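To keep things clear, I will list the structure first and then write my remarks on it.
Since this is a predicted model, take the numbers as computed values, not measurements.
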Amino acid sequence: NKMKVICFILIELAISLNSCSRGKTNSNDPSAASATFSASQLTQNNQLSQAGNENFYDFLEKFSTDRIFQLKRIAFPVKAVVSDVADEGMILKEETIQKQEWEHLDLTYDSTYQTRDCDQYSQEVLFKLDSAIVELRGIDNGIYANYFFKRKEGQWYLVALEETSF
């Protein structure tokens, strides 16, 4: 609940800071490196959620805590870019993860993760029309991950991921 309040405050802040600018994007590619969100896109995402589409933050909470729900909301086989452990994690490789290979993913986040003693990281959600990217960024530790979600027929699905921490 505390995280929802923080997210709401950040969204309201983003809307107020960006109220004069409207970002335009021609790409629906969730892997676009320059994924950003604007006030108009956040407003559109909120309006769509109210119109019967699933709210992303509610989805993400259930996705992170309910294993069965998570398996239903992944577009298998899912594409992944990962660090090659055979090459000490310095080379990236593409993989395809099948349903039977999937390990539960927990994207619940608490702001104390930024200040804990080990494995500190921040988490941010970027929206782009009917897609969202959950970014995890380590603080002086090499954690780097992106999880790409697409909204299909009003429901969110994980479609790809990058776990390139080293």
Side-chain angles (χ1 to χ4, degrees), residues 1-18 23 25 28-32 35-82 97-139 141 143-165:
N1 288 336
K2 184 178 179 182
M3 187 61 194
K4 286 183 182 179
V5 171
I6 292 171
C7 288
F8 178 75
I9 291 169
L10 290 175
I11 289 171
E12 291 297 316
L13 181 61
I15 289 171
S16 66
L17 291 175
N18 291 319
T25 180
N28 286 330
D29 180 11
S31 62
T36 58
F37 61 93
S38 68
S40 61
Q41 290 167 331
L42 283 173
T43 302
Q44 180 183 18
N45 188 49
N46 189 34
Q47 289 169 344
L48 290 173
S49 294
Q50 293 173 357
N53 287 335
E54 185 172 46
N55 176 279
F56 184 77
Y57 293 103
D58 293 340
F59 157 77
L60 193 60
E61 184 175 336
K62 188 169 184 179
F63 182 86
S64 295
T65 58
D66 184 332
R67 292 176 190 273
I68 294 169
F69 178 79
Q70 185 172 108
L71 287 172
K72 291 178 183 176
R73 293 300 193 88
I74 299 173
F76 288 109
V78 68
K79 295 181 181 181
V81 175
V82 296
I97 302 172
Q98 303 295 332
K99 189 173 187 175
Q100 63 273 16
E101 301 169 310
W102 185 256
E103 295 180 18
H104 182 76
L105 176 63
D106 184 358
L107 293 173
T108 54
Y109 183 73
D110 182 316
S111 61
T112 63
Y113 292 0
Q114 291 183 17
T115 58
R116 62 187 184 181
D117 291 335
C118 185
D119 294 334
Q120 297 174 351
Y121 70 93
S122 64
Q123 180 172 310
E124 186 174 356
V125 179
L126 306 177
F127 293 98
K128 203 175 197 184
L129 299 176
D130 280 341
S131 63
I133 303 170
V134 176
E135 291 185 342
L136 277 60
R137 297 295 183 265
I139 300 170
N141 60 19
I143 294 173
Y144 187 95
N146 293 318
Y147 300 93
F148 302 97
F149 295 87
K150 284 285 241 185
R151 185 169 30 209
K152 298 176 186 174
E153 298 179 9
Q155 296 183 325
W156 290 100
Y157 292 86
L158 177 71
V159 295
L161 60 97
E162 291 178 339
E163 289 183 346
T164 56
S165 304

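- With sequence neighbours left out, the side chain to side chain contact (heavy atoms under 4.5 Å, CB included) criterion links R137 to S122, E135, Y144, N146.
- Contact of the L136 side chain with the Y113 side chain is not registered, since no non-hydrogen atoms from C-beta on lie closer than 4.5 Å.
- No close placement of the F149 and W156 rings is indicated, their centers lying 6.0 Å or farther apart.
- Nearest heavy atom pair, residue V78 against residue W102, reads CG1-CZ3, 4.0 Å.
- A pairwise comparison of heavy atoms in L105 and E163 identifies CD1-OE2, 4.4 Å as the closest pair.
- The closest side-chain donor-acceptor pair between Y109 and Q114 falls under 3.5 angstrom.
- To the nearest 0.5 Å, atom OG1 of residue T65 and atom CG of residue L107 are 11.0 Å apart.
- The 12-atom threshold is not exceeded at CD of E103, counting heavy atoms of other residues, nucleotides or ligands nearer than 6.0 Å.
- Residues satisfying the ring-ring contact (aromatic ring centres under 6.0 Å, His included) test with Y147, not counting sequence neighbours, are none.
- In this structure, I143 CD1 and T164 OG1 are separated by 11.5 Å, a value rounded to the nearest 0.5 Å.
- Ring geometry for F63 against F59 counts as tilted: the plane angle lies between 30° and 60°, on a 0 to 90° scale.
- Rounding to the nearest 0.5 Å places CD of Q155 at 10.5 Å from NZ of K72.
- Note: F56 CZ to D130 CG = 12.0 Å, rounded to the nearest 0.5 Å.
- Between I74 and K99 there is no side-chain heavy-atom pair separated by less than 4.5 Å.
- Applying the side chain to side chain contact (heavy atoms under 4.5 Å, CB included) test to K152 and every residue at least two apart in sequence or in another chain returns A75, K150, Y157, V159.
- In this structure, CZ on R73 lies 14.0 Å from CD1 on I68, to the nearest 0.5 angstrom.
- Heavy atoms of other residues, nucleotides or ligands lying less than 6.0 angstrom from CD of E153 number 12 at most.
- Here T108 contributes atom OG1 and Q123 contributes atom CD; the two are 8.0 Å apart, rounded to the nearest 0.5 Å.
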